[in-house]
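For the numbers below, each heavy atom of this structure counts, side chains included, while hydrogens, waters and symmetry mates do not. Note on naming: letters A, B, ... go to the chains in the order of the sequence lines (proteins, then strands), and numbering restarts at 1 for each one.
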Amino acid sequence: MPEGHTLHRLAGELTTVFGGHQVQVGSPQGRFADSAAHLDGTRLLDAEAWGKQLFVRFEGERFVHVHLGLYGTFEVRADVPEIPLPIGQVRLRLARPGAYGDLRGATTCALVTAAERAAVVAKAGPDPLRADADPDRAWARISRSSAPIGTLLMDQTVLAGVGNVYRAEVLFRHRIHPLRPGRTLRVSQWRAIWDDLVVLMAEGVRSGRIDTVRPEHTPEAMGRAPRVDDHGGEVYVYRRTGQPCHVCGGAVRTEVLGGRNLFWCPRCQPTFRSRAAR
DNA sequence: AGTTGATGGAGAG
DNA sequence: TCTCCCTCAACTA
């Protein structure tokens, strides 16, 4: 489930499990073999996330830059009696006695310098999961753009860490139509979205899933059956095409925007046109 | 056994 | 805007 919360959670896990340890670094699949050989047996210092980018720092100012992409996973296991043989396509394996981590399916897994890391970080917009993030930087872009707010929220140079689930859900929670141009939002609406993302994503880091449904709309509160699918936590509209909205009962709609699926409730999230006409 | 789709993004045209 | 890449589970047949 790689949105920003997944990477921040992973950074914490890697730091806790491997920070300060000398680690075995390998690439059972082979595609990271040369770089792994350079790092093998050296000390892993810590890991840090910027939006969806993850950097694992080794002694000597060397970093492994990881981006999970659409379906990458990084499975970290501690307190195992024995390190198991790798299963499937394991691009990167970190191991020390009693613990290991397996990276699969990532779009990026590369050994980079501090300068290369800094260049990636410099391109990223503010990350709601970082205490030093400045939401005004994102607003400067959004307030001047005619692009849909749904596109802007997913643009990692505008805002770092939001993916398709948080996009759909935060727009629902603020009753904003995803196709509304960024420049038609009021600054108060943007601040509310940002503050909400800070809370929602921090909760995602803690729980490891994406839950966005307010207490008054949960299955228990509404007397409906709990969700049975497995793509995250309890949500309002994400991948609920055609199903009844948890708030108004209308059918959730979908549309492809920029190659990604958009989900919204037409009644709870009126278009900017109909809003202006009222 | 083969096809599809997914919480992402780069690069081509 | 389209195509491609990475992996694997969940479909269809």
Can you tell me if [X] touches the phosphate of [N], counting only side-chain N or O atoms and a distance under 4.0 Å to OP1 or OP2?
{"X": "A:Tyr238", "N": "B:dT7", "value": "yes"}
{"X": "A:Asn261", "N": "B:dA6", "value": "yes"}
{"X": "A:Arg167", "N": "B:dT7", "value": "no"}

Nearest whole angstrom, please: distance from the [atom2] of [N] to the [atom1] of [X].
{"X": "A:Asn164", "N": "B:dA6", "atom1": "CG", "atom2": "C1'", "value": "10 Å"}
{"X": "A:Leu153", "N": "B:dG8", "atom1": "CG", "atom2": "C1'", "value": "16 Å"}
{"X": "A:Leu70", "N": "C:dT3", "atom1": "CG", "atom2": "P", "value": "17 Å"}
{"X": "A:Leu103", "N": "C:dT7", "atom1": "CG", "atom2": "P", "value": "10 Å"}
{"X": "A:Gln29", "N": "C:dC8", "atom1": "CD", "atom2": "C1'", "value": "13 Å"}
{"X": "A:Arg239", "N": "C:dA9", "atom1": "CZ", "atom2": "C1'", "value": "11 Å"}
{"X": "A:Ile87", "N": "C:dT7", "atom1": "CD1", "atom2": "C1'", "value": "15 Å"}
{"X": "A:Leu257", "N": "C:dC2", "atom1": "CG", "atom2": "C1'", "value": "15 Å"}

Six-ring centre of A:Phe63, A:Arg117 cation under 6.0 angstrom, axis tolerance 45°: yes
Cation-aromatic face contact A:Arg93/A:Tyr100, 6.0 Å, 45 degrees: yes
Could you measure between the two [atom1] atoms, the one in [N] and the one in [M], and give it in whole Å?
{"N": "C:dC4", "M": "B:dT4", "atom1": "P", "answer": "15 Å"}
{"N": "C:dT3", "M": "B:dG5", "atom1": "P", "answer": "15 Å"}
{"N": "B:dG13", "M": "C:dC5", "atom1": "P", "answer": "14 Å"}

Donor-acceptor contact present, side-chain A:Thr212 to main-chain A:Val235, <3.5 Å: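 Judged by distance alone, no pair lies under 3.5 Å.
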So for atom [atom1], which belongs to [X], do other residues, nucleotides or ligands contribute more than 12 heavy atoms lying within a distance under 6.0 Å?
{"X": "A:Arg130", "atom1": "CZ", "answer": "yes"}
{"X": "A:Glu82", "atom1": "CD", "answer": "no"}
{"X": "A:Arg43", "atom1": "CZ", "answer": "no"}

Within the sub-3.5 Å range, which N or O atoms of nucleotides 9-13 of chain B have a protein N or O partner, and how far apart are they?
from, atom 1, to, atom 2, distance (Å)
B:dG9, OP1, A:His67, NE2, 3.3
B:dG9, OP2, A:Lys52, NZ, 3.3

Minimum heavy-atom distance between A:Ala99 and A:Ile83, given as atom pair plus value: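 Looking at all heavy atoms of both residues, the shortest contact is O-CD1, 3.5 Å.
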